[in-house]
Amino acid sequence: MVGRVMERVCLTHPRTARRNRSPAEVGRRLAGREVVNVGRHGKLLLIGLGDGQTMVAHLGMSGRFSVCAAGADRAPHTHFVAALDDGAEVRFIDPRTFGFVAVRDESEPDPAFSRLGPDAWLEAPEPPALVRALAGRVAPLKALLLDQRIIAGLGNIYADEAMHRAGIHPLRPGGRLSEAEARRLLDATSAVLEQAIDSGGTTLGDLAYLLPDGRAGENFARLKVYGREGEPCLSCGVPVERTAVRARSTYFCPVCQT
DNA sequence: ACCTCCCTGGCC
DNA sequence: GGCCAGGGAGGT
């Protein structure tokens with residue numbers, strides 16, 4: 001993708017372009033730009049365009065990117081299409097429109113983009129730093145793991161998986177995590193993400209998430225607790241339980257996680 | 001620091 | 001026909 005030029009860019013849905021003034025503005029500012037580098041911070045995809053410009057995208061709940069031939073059939077809910085100079089098209093498909101595609105200039109920083117904590121995969125904190133970040137917090141650890149200002153990149157599935165792997169209960173007050181537990185949690189986070197990445201990500205039954213070539217990720221079969229309410233814990237055999245934290249389903253083993 | 005809302009497909 | 005899924009913003 002690096003070195004490709006987005007010759008024509010078309011956005012149609014106002015919600016997909018909501019981080020800028022209009023779909024037309026995003027299209028206009030991206031058209032003709034070359035992809036200089038591709039990065040990521042937490043759940044934000046960062047496409048460097050040079051000259052202080054960055055294309056920023058978030059998949060939200062149901063968004064996915066597709067890279068295909070320019071003439072290929074267009075899936076429903078295709079809200080962004082960029083025609084590249086090699087004949088391919090990059091498309092953003094997002095039924096629920098929780099995702100977005102934006103363009104920003106470094107000279108006009110958006111506060112919403114600058115509050116992210118360290119990336120969970122690329123720059124995970126050391127245990128003492130995590131303990132400090134959680135000090136005094138009484139909110140359940142699960143809620144704090146979903147707070148992108150503390151650690152960026154964990155969503156509902158991987159937060160549950162990491163806490164299970166670390167043997168820590170999701171309702172534990174965040175401030176009551178020892179340094180040893182913080183180390184276990186960070187090691188677990190790293191292992192859970194590595195496995196998910198190696199597996200191509202977690203495609204659920206709704207097929208909302210797919211790889212850019214259309215294949216499904218294989219990580220669903222490797223989940224230990226998420227979506228397994230009532231099924232035996234793979235470590236101890238006790239039924240996995242489900243509760244709600246901040247209106248998010250939270251799966252855990254009542255025996256393995258303390 | 002918490003609650004509500006946004007949005008659609010799939011499912012009961 | 002109504003409910004559920006959930007990342008993040010905004011309001012209280």
Side-chain angles (χ1 to χ4, degrees), chain A residues 11-21 23 40-46 56-66 74-80 91-102 104 109-121 133-163 170-176 189 192-193 196 201-210 214 216-217 219-220 223 225-230 240-252:
Chain A
L11 283 82
T12 46
H13 204 297
R15 254 179 74 79
T16 299
R18 67 188 179 277
R19 293 299 190 104
N20 293 96
R21 284 180 202 84
R40 180 190 59 73
H41 188 149
K43 301 173 186 177
L44 293 181
L45 307 179
L46 304 169
V56 183
H58 192 304
L59 303 183
M61 274 301 300
S62 57
R64 64 185 172 95
F65 276 96
S66 165
R74 201 169 281 195
H77 311 290
T78 298
H79 301 315
F80 166 97
R91 303 175 181 178
F92 182 64
I93 300 148
D94 185 14
R96 282 178 241 180
T97 67
F98 278 39
F100 61 81
V101 176
R104 61 183 289 234
D110 180 336
F113 288 143
S114 56
R115 291 179 193 153
L116 290 181
D119 184 82
W121 175 245
L134 298 177
R137 303 292 297 261
V138 294
L141 181 61
K142 167 66 180 283
L144 299 171
L145 285 182
L146 294 180
D147 184 341
Q148 305 295 299
R149 295 169 299 186
I150 298 175
I151 295 178
L154 294 181
N156 205 38
I157 296 174
Y158 300 136
D160 281 4
E161 293 295 310
M163 285 184 291
L171 300 183
R172 177 94 69 89
R176 250 191 271 140
T189 298
V192 161
L193 290 178
T202 304
T203 297
L204 302 177
D206 61 5
L207 300 184
Y209 164 75
L210 297 171
N219 197 56
F220 180 70
L223 299 179
V225 284
Y226 182 86
R228 298 192 64 248
E229 181 183 17
V240 169
E241 293 186 8
R242 176 164 79 141
T243 185
V245 176
R246 304 280 194 274
R248 299 292 177 263
S249 288
T250 298
Y251 299 88
F252 65 100

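Within every chain, numbering begins at 1; the chains are lettered A, B, ... in the order of the sequence lines, protein sequences first and strands thereafter.
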Checklist entry - For the side chain of A/Ser62 and the backbone of A/Arg96, is there at least one donor-acceptor N/O pair under 3.5 Å apart? => result yes

Item to check | Backbone of A/Gly117 reached by a side-chain donor or acceptor of A/His41 within 3.5 Å | outcome: yes

Item to check | Exam field: side chain A/Asn219 to backbone A/Thr202, donor-acceptor pair closer than 3.5 Å | outcome: no

Next on the checklist: From CG of A/Leu207 over to P of B/dG10, roughly how many Å is that when rounded to an integer?
Outcome noted: 9 Å

Next on the checklist: Any base atoms under 4.0 Å from A/Ser62, or only sugar-phosphate, or nothing? Heavy atoms, all strands.
Outcome noted: nothing

Next on the checklist: Heavy-atom nearest nucleotide on DNA chain B for A/Gly205 versus A/His13: which residue maps closer to 5'?
Outcome noted: A/His13

Next on the checklist: Looking at C/dG6, I'd like to know if its phosphate oxygens (OP1 or OP2) sit under 4.0 Å from a side-chain N or O belonging to A/Ser249.
Outcome noted: yes

Checklist entry - A/His79 NE2 to B/dC7 P: how many Å, rounded? => result 11 Å

Item to check | Any A/His77 side-chain N or O less than 4.0 Å from OP1/OP2 of B/dG9 | outcome: yes

Checklist entry - With A/Arg74, which residues qualify under salt bridge (charged side-chain N to carboxylate O under 4.0 Å, His left out), at least two apart? => result none

Checklist entry - Can you check whether A/Val225's main-chain N or O pairs, donor with acceptor, with A/Arg228's side chain at less than 3.5 Å? => result no

Checklist entry - Quick one: what's the B/S/- string for nucleotides 7-12 of chain C, heavy-atom cutoff under 4.0 Å, read 5' to 3'? => result BBS---

Item to check | Value in whole Å for how far the P atom of B/dC2 lies from CZ of A/Arg149 | outcome: 11 Å

Checklist entry - What integer distance in Å separates A/Arg96:CZ from C/dC4:P? => result 14 Å

Checklist entry - What does A/Tyr226 touch in the nucleic acid at a heavy-atom separation under 4.0 angstrom: a base, only the sugar-phosphate, or nothing? => result sugar-phosphate

Item to check | Listed nucleotide nearest any side-chain atom of A/Pro95, set B/dG9, C/dA5, B/dC7 | outcome: B/dG9

Next on the checklist: Tell me every residue that passes salt bridge (charged side-chain N to carboxylate O under 4.0 Å, His left out) with A/Arg248, counting only those two or more places apart in sequence or in another chain.
Outcome noted: none

